[in-house]
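Here is the structure we will look at, set down as structure tokens.
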Amino acid sequence: MSSDLDENPKPLPKGKAKKRLVPATKEKPCTICGAIYVYPSKGSTATRHKCEVCVDLSVPAAKSMKRLNDRIRALELKLSKIEN
């Protein structure tokens, strides 16, 4: 009997990509608020760039939040450079 998890899998023909059974999950920062979230996770509405909270924001609100978050990050970076 052969299974998908054989110890010695057969080599794939040239040009054929192996299908992944389980997608790789990663911790990603949200581009809007900067929160760290796991993507993809089952049942989550999060996208590649937005966490579950920011997905539901209106476009103008998301745009404002992103600007504020970017400004905060820039100020934190300047502050850390001054401290060092």
Side-chain angles (χ1 to χ4, degrees):
M1 283 185 151
S2 177
S3 70
D4 291 334
L5 303 174
D6 285 339
E7 287 180 22
N8 298 319
K10 295 178 185 174
L12 295 172
K14 243 184 183 176
K16 296 280 184 178
K18 186 176 181 179
K19 291 182 183 179
R20 288 192 216 168
L21 299 177
V22 178
T25 58
K26 339 177 179 177
E27 291 185 348
K28 301 183 72 159
C30 176
T31 57
I32 306 295
C33 67
I36 303 296
Y37 66 100
V38 176
Y39 177 80
S41 70
K42 190 173 183 176
S44 174
T45 57
T47 65
R48 288 188 309 166
H49 303 286
K50 298 179 186 175
C51 67
E52 287 184 330
V53 175
C54 293
V55 164
D56 297 329
L57 290 175
S58 65
V59 173
K63 197 173 188 180
S64 296
M65 288 279 294
K66 182 169 176 16
R67 279 191 196 140
L68 288 171
N69 189 35
D70 290 344
R71 182 67 179 148
I72 290 169
R73 278 195 231 157
L75 290 171
E76 286 175 342
L77 182 63
K78 282 184 182 179
L79 185 61
S80 69
K81 285 182 180 179
I82 290 171
E83 289 175 346
N84 293 332

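All residue numbers in this chain count up from 1 along the given sequence. These numbers come from the heavy atoms of this one structure, side chains and all, not from hydrogens, waters or symmetry mates. Predicted model, so just to flag it, every value in this text is computed and none were measured.
Listed for the Y39 side chain is no donor-acceptor partner under 3.5 Å among the backbone atoms of P29.
Across R48 and K28, no two heavy atoms sit closer than the pair O-NZ, 3.0 Å. In terms of heavy atoms, E52 sits closest to S44 at OE2-OG, 2.8 Å.
You'll find the side chain of T25 stays beyond 4.5 Å of the side chain of S41, heavy atoms only. Side chains of E27 and Y37 form no contact here, defined as non-hydrogen atoms less than 4.5 Å apart. In this structure, R71 and L75 have side chains that are in contact, with non-hydrogen atoms separated by less than 4.5 Å.
Here L57 sits in one hydrophobic cluster together with I32, M65; the rule is ILVMFWY side chains under 4.5 Å apart, joined directly or through other members.
In this structure, the separation between NZ on K26 and CD1 on I36 is 12.5 Å, given to the nearest 0.5 Å. Atom-to-atom distance recorded for N84:CG and L79:CG is 9.5 Å, nearest 0.5 angstrom. Taking NE2 of H49 as the reference point, atom NZ of K66 lies at 10.5 Å (rounded to 0.5 Å).
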* In sequence, state the C-alpha distance, the side-chain angles, and the governing distance for R73 and N69, and then conclude on side-chain contact (heavy atoms from CB on, under 4.5 Å). => CA-CA 6 Å; R73 278 195 231 157; N69 189 35; 2.7 Å; yes

